[in-house]
Protein chains: 2
Amino acid sequence: MDTKTLCLGVLTHGDASGYEIKKAFEDGPFGHIQEIGFGSIYPALAQLLKDNLVTVTQYTQEGRPDKKVYSLTATGRLFLLDALDEPTEPDKVRSDFLFRMMFAHLLSPSALEAMIDERMAVLTEAIAGLEQRANSGFAPASETFIDGYALAIYRAMADYIEENRYQLVSASLLPQRAVAE
Amino acid sequence: MDTKTLCLGVLTHGDASGYEIKKAFEDGPFGHIQEIGFGSIYPALAQLLKDNLVTVTQYTQEGRPDKKVYSLTATGRLFLLDALDEPTEPDKVRSDFLFRMMFAHLLSPSALEAMIDERMAVLTEAIAGLEQRANSGFAPASETFIDGYALAIYRAMADYIEENRYQLVSASLLPQRAVAE
DNA sequence: AGGTACATGTAAGCTGTTACATGATTTT
DNA sequence: AAAATCATGTAACAGCTTACATGTACCT
């Protein structure tokens, strides 16, 4: 999924500015799909406009820069539908955390513990946020589904780490073996 | 983690060629960390060699191109240790599948079912592979930990999808609402 | 007084992906 | 006979990230 398609997707949920699209990829259920920055969004939106897949309305604001609100066109909606019809690419993950865990035996126990604690804190916070959102108000089925999916994964991660961290920590207690090999 | 550090990491597990490093990111526990291709590995290895972080030994083979086997240098090992000491970046995910689920209401029920079935098949296969590996032979603690982590996540995904897919399918049965809005 | 939120955009640089180039051996 | 495995590398291209550029308003 390139940035253009991602923007089109957010716009099916209602008109939005570039700034608001960015927020959608931080807070809401789009946040679990992938990250994007302004440096990708603004050029993508300009391209979509040129291709007539979106239209724009500019709002003048007091004490703030103008706001450009984009709307899907009929062509844009069809373009998205076509993109959705293409074969689904496998999920891609990039885990700096797992990479570090791969080298538990090269790390000091305290450094390792700190990394794991930090990860647990992040997970616990994410879980709390999702639980709160689940219990507050109604959302479309797709959003509920995706939040629930993310919650299930975060819980599985946290539970697994909590139950198995001792394995890594005991491996880290014997760093001389790794060096000797 | 850039490709250079990733390669250095694999080399702590033993000397390897570019081809073998690629395999490590396909099959073994490195496969859960991230993907890399030859187009990234070979230039990275050349750079590491220039920086004296690895050394190379060339083996002539019959009926095959020469094999270049790389080894970590002491400097290379220190470089990796320093990289491991830097702040851990948050995991990055890119899920084409979740993006599609976000638009369940724009999809036909049959297309949606097909996507979910395909995803379940991938997950089931991955789970079977990991279960088999878990029951065969001994591996270092870090590898067992990471395979177990991946297994826990895949199971959580599969269970969640199986239990909640009806939510999405019923949303997809009413596509006229989405169009009307 | 400083940080965060609002708001858009450009340009350079870095990274990574894809395609190309080559070729023997083994498995299906 | 075709496909996969082994094996390395380059070049072009596409994409994304980071830094730069600008400025108000609100909250602490």
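Just the heavy atoms: all of them, side chains too, but no hydrogens, waters or symmetry mates, feed the values below. So you know, we letter chains A, B, ... as the sequences are listed, proteins then strands, and number each from 1.
Around the CD atom of B:E125, the shell of radius 6.0 Å holds no more than 12 heavy atoms that belong to other residues, nucleotides or ligands. By the 6.0 Å contact criterion, CD on B:Q58 is enclosed, its count of non-hydrogen atoms from other residues, nucleotides or ligands being greater than 12.
Salt bridge status for B:E89 with A:R94: absent, with no side-chain N to carboxylate O gap under 4.0 Å. Under 4.0 Å is where a charged nitrogen must lie from a carboxylate oxygen, and between A:E131 and A:R155 at least one such pair does. The pair A:R133-A:D147 meets the salt-bridge criterion, with a side-chain N (NZ, NE, NH1 or NH2) lying under 4.0 Å from an Asp/Glu carboxylate O. We find that A:D91 and B:R119 are joined by a salt bridge, their nearest charged nitrogen and carboxylate oxygen being less than 4.0 Å apart. With respect to B:D27 and B:K22, no salt bridge is recorded, no charged nitrogen being found less than 4.0 Å from a carboxylate O.
Close to C:dT15, at under 4.0 Å from its OP1 or OP2, lies no side-chain N or O of B:T3. Between A:Q61 and C:dC6 there is no side-chain polar atom (N or O) within less than 4.0 angstrom of OP1 or OP2. When the side-chain nitrogen and oxygen atoms of B:S40 are compared with OP1 and OP2 of C:dT17, one or more of them lie within a distance under 4.0 Å.
Here the nucleotide nearest the side chain of A:P43, chosen from C:dT10, D:dT8, C:dA5, is C:dT10. In this structure, the nucleotide among C:dT8, D:dT10, D:dT5 sitting nearest to the side chain of A:Y42 is C:dT8. Minimum atom distance to the side chain of A:K67 is reached by C:dT8, of the listed C:dT8, D:dA7, C:dG9.
Each of A:G39 and B:Y70 has a nearest nucleotide on DNA chain D; the 5'-most of these lies closest to B:Y70. When each of A:K68 and A:R94 is assigned the nucleotide of DNA chain C bearing its nearest heavy atom, the one mapping closer to the 5' terminus is A:K68.
Within the helix from C:dA1-D:dT28 to C:dT28-D:dA1, the inter-axis angle between the opening and closing five-pair segments is 60°, rounded to 10°.
Atom CD of B:E35 is separated from atom C1' of C:dT15 by 15 Å (rounded to the nearest Å). A straight line from CG of A:D27 to C1' of C:dC6 spans 14 Å, rounded to a whole angstrom. Atom CD1 in A:I41 sits about 10 Å away from atom P in C:dT8, given to the nearest Å. When rounded to the nearest whole Å, the span between CG of A:D66 and P of C:dC6 equals 17 Å. The distance from atom CD of B:Q47 to atom P of C:dG16 is 13 Å, rounded to the nearest whole Å. One atom, CD1 of B:I36, and another, P of C:dG16, lie 9 Å apart when rounded to the nearest Å. When the P atom of C:dA7 is taken as reference, atom NZ of A:K23 falls 7 Å away, rounded to whole Å. Note: CG (A:D2) to C1' (C:dT17) measures 14 Å, nearest angstrom.
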Which protein N or O atoms sit under 3.5 Å from an N or O of nucleotides 25-28 of chain C?
none

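No side-chain donor from either of A:T75 and A:N52 sits under 3.5 Å from a side-chain acceptor of the other.
Taking the six-membered ring where tryptophan is involved, the planes of A:F103 and B:H13 are perpendicular, since the angle between them exceeds 60° and thus also 30°.
Other cluster members for B:V69: B:Y59, joined by side-chain heavy-atom distances under 4.5 Å among Ile, Leu, Val, Met, Phe, Trp and Tyr. A:Y19 belongs to a hydrophobic cluster with A:F38, A:Y42, counting contacts under 4.5 Å between side-chain heavy atoms of Ile, Leu, Val, Met, Phe, Trp and Tyr, direct or through other members.
Residues from residues 7-18 of chain B lying near DNA chain D, meaning a heavy-atom separation below 4.0 Å, are B:S17, B:G18 in numerical order.
For B:E35, the side chain to side chain contact (heavy atoms under 4.5 Å, CB included) test picks out A:K92, with sequence neighbours left out.
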